[in-house]
Amino acid sequence: MTTQADDELWSAIGDPSRRQVLDLLVSHGEVSASWLAERVPFSRQAVSKHLVVLERAGLITRRKQGREVLYQVEAGRLDQATRAMAELAAQWDRRLATIKRLAETAHAENKRKPS
């Protein structure tokens, strides 16, 4: 993944409203923006803006059916995002373990020093 693609991904899923839209798409499959707008606490216009960001990040795709546009999750990109988040979590776990080990070592050394 490129840095720009990473930034778009994190920006897209970093917003709670976009995550809510994404959750609805995951659980209900292919739906219209109007259908989504009926199920979220923000305007149809806001839903449209969130869909643009999610689409730009590659998390969703759209297709036209008659006069209606239907949106659905792009499973491959969502899997890629899940793996990226898991790797980021693992990196932070390693960093925090290192910090803990350093703090415990420093604490033990301070206890051994005479006062």
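Along the sequence shown, residues carry numbers from 1. These numbers come from a predicted model, not from an experiment.
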When rounded to the nearest 0.5 angstrom, what is the spacing between OG in S17 and CZ in F42?
-> 4.5 Å
Quickly, which of L25, L9, V26 forms a side chain to side chain contact (heavy atoms under 4.5 Å, CB included) with L59? Name it, please.
->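 Looking at L25, L9, V26, the match for L59 under the side chain to side chain contact (heavy atoms under 4.5 Å, CB included) is L9.
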Pairwise side-chain contact, Q65 with L70, heavy-atom cut-off 4.5 Å (strictly under) |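 Contact flag for Q65/L70 side chains = yes.
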Would you say R95 and T98 make side-chain contact, with heavy atoms under 4.5 Å?
-> no
Hey, are R77 and Q80 close enough side-chain-wise for a donor-acceptor pair under 3.5 Å?
-> yes
When you measure from the side chain of H107 to the backbone N and O of A103, does any donor-acceptor pair fall under 3.5 Å?
-> no
Sort and list the pairs that fulfil side chain to side chain donor-acceptor pair (under 3.5 Å) and have at least one residue in residues 49-61, not counting sequence neighbours.
-> R18-H50, E55-R62
Shortest non-hydrogen contact between L51 and A33, atoms and distance =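 In this case the closest contact between L51 and A33 is CD1-CB, 3.7 Å.
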Heavy-atom pair of closest approach, residues L78 and L22 = CD1-CD2, 4.2 Å
List for me each residue that meets salt bridge (charged side-chain N to carboxylate O under 4.0 Å, His left out) alongside E109, sequence neighbours excluded, and say none if there are none.
->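 By the salt bridge (charged side-chain N to carboxylate O under 4.0 Å, His left out) rule, E109 matches no residue at all.
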Does R44 pair with E38 as a salt bridge, N-O distance under 4.0 Å?
->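 Not counted as a salt bridge, because no side-chain N and carboxylate O are separated by less than 4.0 Å.
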Tell me, please, which residues at least two apart from Q45 pass side chain to side chain donor-acceptor pair (under 3.5 Å).
->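 Once residues adjacent in sequence are excluded, Q45 has no partner under the side chain to side chain donor-acceptor pair (under 3.5 Å) criterion.
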